[in-house]
Structures are given as structure tokens and as C-alpha cells.
Amino acid sequence: MKTTVHGRMVARILWIVLAALVFLLSSLWYFRWDITQDKRFSLSSMSQQLLASVTEPLRITYYVSPELEELYPHARDIKDFLRLYNLANSQVQVQVRDPVKEGLENSLLQQGVYAQQIQATKGNSTQLVTVYSAIVLEYLNQLAVIPFAQTAESLEYEMATRLLMLVEEGGSFASVPSVTKAWPVIVMSGNGLSIEEDYGDVVPWLEAAGFAPTILTPEDFVLVAEQMDSGTKRRFPVMLFGSSQLTSQQVTAIRSFVEDGGKLFVMTSGHTAALYDDWTVEPTEDKFLPVLASWGLEVGPELVLDISCFRATFLSEEDNPVYEQVNYPLWIQALPQYTVEHPVSRRAFNLEFYWSSPITLTSMEAQALVYTTPSAWLSAPDFSKESVFVTNPFMLSQTASQAGQLASQYALSAMTTLPEGGQVLVVGSQYFLSTLMRQYTGSLGNLDFAVKGLLQLCEKESLLELKNKAALTKTLYKLSQQELVESRPKVLLLNLVILPLLPSVLALLWWLVKRTLAKKLGEASRE
């Protein structure tokens, strides 16, 4: 059967219209191919299980300012990642809204969402820009809020915590502005410092991670612990900052709490530092340290020094003082290769330990989590001198050989499980989460380590797995050179072979179908 000129013209027009429709529809069809080996851009099995339990409409609204997307392309990852929830379950509805354009500022304030100011550089000037980047989840008339999401690095963990409480727990703990009341944790100071001021970042950070911290004094804890049964103690982990000022009664209450199945995260050391003065370090008589030793976690009286340390800026002691950068071995920066392969310490980056004590494991159940480098050394207290410890940065030895000590490796953090089921996680630095110290060094790794430790104590293994997954970069705009090299063949295959050949394959299929139909019509006409 011959094709007329008019027929060929109609076919070309139809092909052009079909191509235009394909391009138009492609903008509505979302497709993403995760070529990473660890599937970091895909939903984890836990998120998929949570979404599978969504039986009623779940509305996810991303309130974002266009200015944020212009300044931080990472914000686009959030949109892409939220689309995965819709693809996993048709009950999930995802929408993106501009709160300023739509006049939703007051409504968001009632939900606990506030605009944030970020620095933006335009030309040679830097200015503050007010932006929104909040995610609100609505399910069964309950709300859960992520007040500010700037990147997708920890987004799946934050989404999972909200979904877990909204879906699996039926929204019983859901509230405005957040749903963190499902995982209570007691926070208290045992060294005389203030939780609200000296450890001021801890409570907000824990709340953002899905916990509901309750601040107690050690005196109040004695009364509260007396009213707890064993089951309650297992559900209420305690985070303790320092122990030098605990009384015998308070030490006994904490010991009974742990030995009756309670969970304890303690940051303590065998000495105290003049944190807001000249950094003088003095040994202490701590009534709680013998209890830790009886559990197989012996916190020593020495100071640990390491060649892997923070490089600080100090004013020199010369006649004409100038600012100098000096390695300060008493502020240890733990290296990833010396962290143990454990859910708490896995992918633990940017950990810093300030004036830390060594931890000696004396129990088979005890396990170290973080070590110094093998080049570390100890400074024992010298009571014959006015300054028991040398802490002056210009007088400190920079290596073990300079200090006349043998280099060795020491545990900086460890944990153990008691026969009764109680668990203890210890960090050998009572200033590990000090706001002053973290602001000075600019590290956020310590707070992340604390969250992972609490997740372990609360037996939230699946969420801990997500937290470790978040330690990997999750942005398409920040790939390492090795990742670029590994992904290059797959990207080239997709963009230079598969996609260019796809129209040709479709055209070939159309031609084969057309030829078959024409052949059948020709045979029918001859009959």
C-alpha cells in the first residue's frame, strides 16, 4: 500500500505533535535513578515500612522562600526527596508553597514555624535575608513540624521521627509545634554548671532530634527515681553532665537507677577546668567515679593529650604580644579511623574532647567507642607544683617524646551493659557538650554523637541507622571526586546512549507496527 504525499505530511505533523506532548508530559512525570552504591538518595526500608502503614491521607507541605533556592541549591534536594514519599504511597500528598506570597506567615507562627535569617553574599557585600524552609506533616488531624530544613542530609531521619509518632503511635504524642514528647529524656548537671546557660544548645538540639528533655536537679532526681518502677526507668534515659558535685545520696540514686535497668549517658572526668577563667585544671574528689569503675568503666585522674588536636589562636606571652596559632593537645580531635565500628560511633565526624580523662575498660561487657591516635600521651597530676597540670598552650609539649612520655592509645568514650539490663555510655570529658567550647571550636559533631548515643540507649535501632545514613552527604550538588569518577560511566550511559536512542527505538517500534498493519491490510484487500 503506497503512502501519498498528503499522508506523509500528516504523519510528520503527528510526529511533531507527539514529540511536543512527550516534552510537556515529561515535566509532570518524575523520575530519579539512584546510581550510588549505598542508595543514599533513596528511601530506606524503615521509611518505606512507615509509609506502607499510612492508610489515610498524609499531607506534606514544604513552605519555602524562592530566595532560599537561589542562594542554596541544596534546598532543591528537599523538594526532590519529598517527592519520593508520594511515589512510595499514593495517600501521601506533597505540595510546595511560598508562605510570603500566599500570606501564610501568621498561620505558620501558630504552628511554631518562624522565618530564619541567613547570610547572603551579593557582589562585594554581605546581607541578611529572611527565608522560610519548613515542612509540616498533617495526618489524622494531627500536626508534626520540621521548623527549618536547609539541606536533605538529615531530612529522612527528621521525617521518620515525625512519621513514627504520627502513624505508628496514632498521633497520641502529636502536638503543635512538634511531636517530640514520645521519647522523654532526663537532663541534669552534676558539676554545678547550668543546663540552660552552660549547656544551652543541648535541649533544643535534642528536641529537634525527636526527644522531649526534662531538666532536673540531682536533688529532684532522687525524689523522681524513688517513684519509678523498673519499666519506667528503662524508658527514661538520663543524660548527666559532670559528677564532681554529686552527693552520696545522689550517687546512690543514680546507681540504683542504672542497676535496676535504667540507661545513663554521662560526660565526666577526673578533674575540673576553670572554663571561664584561665583554664586551670584541678583534680577532684568525685564520689561517682568509683561507681563507674565498678561497672567496668574506669575514668582516670590524668589528662589525655594527642597530636590530633584543635589549632587555636592565642595571644603570645612576649613583651609585644601578637596572636599566634598553636596546636592545643588538650582539645583532642578524634579521627574517624580510630572510632569503633559501632552504631553510636559509626560515621562520627568532627568529635572534640576538651580536657579529657582516659577511660580504662575493666569489664568484658565494656566496649570502647572512640580512641585517640596511637601517638597520644598522659599528663598525671603533679601535686608538688602550684599548677597541678600544665595547661598553658605555650608551655605544653606537642608530642609524647617532648613530654618524656610513652605514646599510646586511649579510650575517650565507651559503653557497657549491666547484668540487670542497665546501660551506661560514658564520655571522658564533662565539657563535651559545653556551649562555650563548641562555639570556640565550631564543632557540631559532639551534639550529633549525643543524639546517636541516646537513640542507642532508647533502643531506636532503625532511627539510629537513619542517623548514620544522614552522615553521608545527601545532596546532588556536593559529591566527592571519587563519587564523580564512580558515577561517570552510568551518567554517560544514561545521557549519551539510553536517552538519545529512546526516540529512535520508539520510532522503530512505530515503524514495525505500521508495517505490520499495512501488510495485514494488503493481504485483506487481496482476499
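For this chain, numbers begin at 1 and follow the sequence in order.
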Which heavy-atom pair separates [X] from [Y] by the least distance, and what is that distance?
X: A414; Y: L297; answer: CB-CD2, 3.9 Å
X: K287; Y: P290; answer: O-CD, 3.5 Å
X: W377; Y: S397; answer: CZ2-O, 3.4 Å
X: S462; Y: M46; answer: CB-SD, 3.2 Å
X: I332; Y: P329; answer: CG1-O, 3.5 Å
X: V299; Y: L292; answer: CG2-CD1, 4.0 Å

Do you see a donor-acceptor pair shorter than 3.5 Å between the side chains of [X] and [Y]?
X: S44; Y: E465; answer: no
X: T268; Y: S243; answer: yes
X: T280; Y: D278; answer: yes
X: E219; Y: T217; answer: yes

Student check: side-chain heavy atoms of [X] and [Y] closer than 4.5 Å:
X: M159; Y: F81; value: no
X: L457; Y: V185; value: no
X: L433; Y: W205; value: no
X: L240; Y: L246; value: yes
X: L155; Y: I146; value: yes
X: R438; Y: L447; value: yes
X: Q227; Y: T232; value: no
X: V202; Y: I195; value: no

Run the side-chain contact (heavy atoms from CB on, under 4.5 Å) check on I186 and F221 step by step: do they pass?
-> CA-CA 9 Å; I186 296 173; F221 177 76; 4.3 Å; yes

Would you check, one step at a time, whether the test side-chain contact (heavy atoms from CB on, under 4.5 Å) holds for V113 with Y63?
-> CA-CA 10 Å; V113 174; Y63 297 95; 5.9 Å; no

Ring centre gap for F389 and W355 strictly below 6.0 Å =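 That pair fails the under 6.0 Å test.
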
Return yes if some donor-acceptor pair links the side-chain N/O of [X] with the main-chain N/O of [Y] below 3.5 Å, else return no.
X: Y410; Y: S357; answer: no
X: S65; Y: L68; answer: no
X: T435; Y: G200; answer: yes
X: S256; Y: A253; answer: no
X: T373; Y: S375; answer: yes
X: T339; Y: R346; answer: no
X: N327; Y: I307; answer: no
X: D306; Y: C309; answer: no

Atom pair [atom1] ([X]) and [atom2] ([Y]), whose distance is rounded to the nearest 0.5 Å:
X: Q116; Y: F148; atom1: CD; atom2: CZ; result: 5.5 Å
X: S413; Y: F449; atom1: OG; atom2: CZ; result: 3.5 Å
X: L275; Y: D198; atom1: CG; atom2: CG; result: 7.0 Å
X: S379; Y: D382; atom1: OG; atom2: CG; result: 8.5 Å
X: Q333; Y: F353; atom1: CD; atom2: CZ; result: 11.0 Å
X: M415; Y: L264; atom1: CE; atom2: CG; result: 10.5 Å

Among S269, S189, S244, side chain to side chain donor-acceptor pair (under 3.5 Å) partner for Q430 =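 Filter result, single survivor: S269.
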
Around atom [atom1] of [X], are there more than 12 heavy atoms from other residues, nucleotides or ligands closer than 6.0 Å?
X: Y323; atom1: OH; answer: no
X: E197; atom1: CD; answer: no
X: E285; atom1: CD; answer: no
X: E282; atom1: CD; answer: yes

side-chain hydrogen bond (donor to acceptor under 3.5 Å, both in side chains) assessment of Y62 paired with S133 = CA-CA 7 Å; Y62 180 33; S133 181; 3.0 Å; yes

What pairs with D220 under salt bridge (charged side-chain N to carboxylate O under 4.0 Å, His left out), at least two apart in sequence or on another chain?
->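 If we apply the salt bridge (charged side-chain N to carboxylate O under 4.0 Å, His left out) test to D220, skipping adjacent residues, there are no hits.
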
Within 45° of the axis and under 6.0 Å from the centre of the six-membered ring of F257, does NZ or CZ of K233 qualify?
->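 No, K233 and F257 do not form such a contact.
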
Can you list the steps and then say if F211 with V451 is a side-chain contact (heavy atoms from CB on, under 4.5 Å)?
-> CA-CA 9 Å; F211 292 93; V451 169; 4.2 Å; yes

Relative to the ring of W279, is the ring of Y328 parallel (under 30°), tilted (30 to 60°) or perpendicular (over 60°)?
->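 Aromatic pair Y328/W279 classed tilted.
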
Derivation and outcome, side-chain hydrogen bond (donor to acceptor under 3.5 Å, both in side chains), residues T441 and Y354 | CA-CA 10 Å; T441 61; Y354 314 106; 3.0 Å; yes

Verdict with reasoning, T247 to Q249, per side-chain hydrogen bond (donor to acceptor under 3.5 Å, both in side chains) = CA-CA 5 Å; T247 65; Q249 183 186 24; 5.0 Å; no

Is there a side-chain contact (heavy atoms from CB on, under 4.5 Å) between K452 and L464 once you walk through the steps?
-> CA-CA 6 Å; K452 292 167 64 176; L464 184 53; 3.6 Å; yes

Sequence neighbours left out, what pairs pass salt bridge (charged side-chain N to carboxylate O under 4.0 Å, His left out) with at least one residue falling in residues 237-255?
->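 Matches after skipping sequence neighbours: R255-E259.
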
K263/E459 ion pair, N-O < 4.0 Å =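 Salt bridge flag = yes for E459 with K263.
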
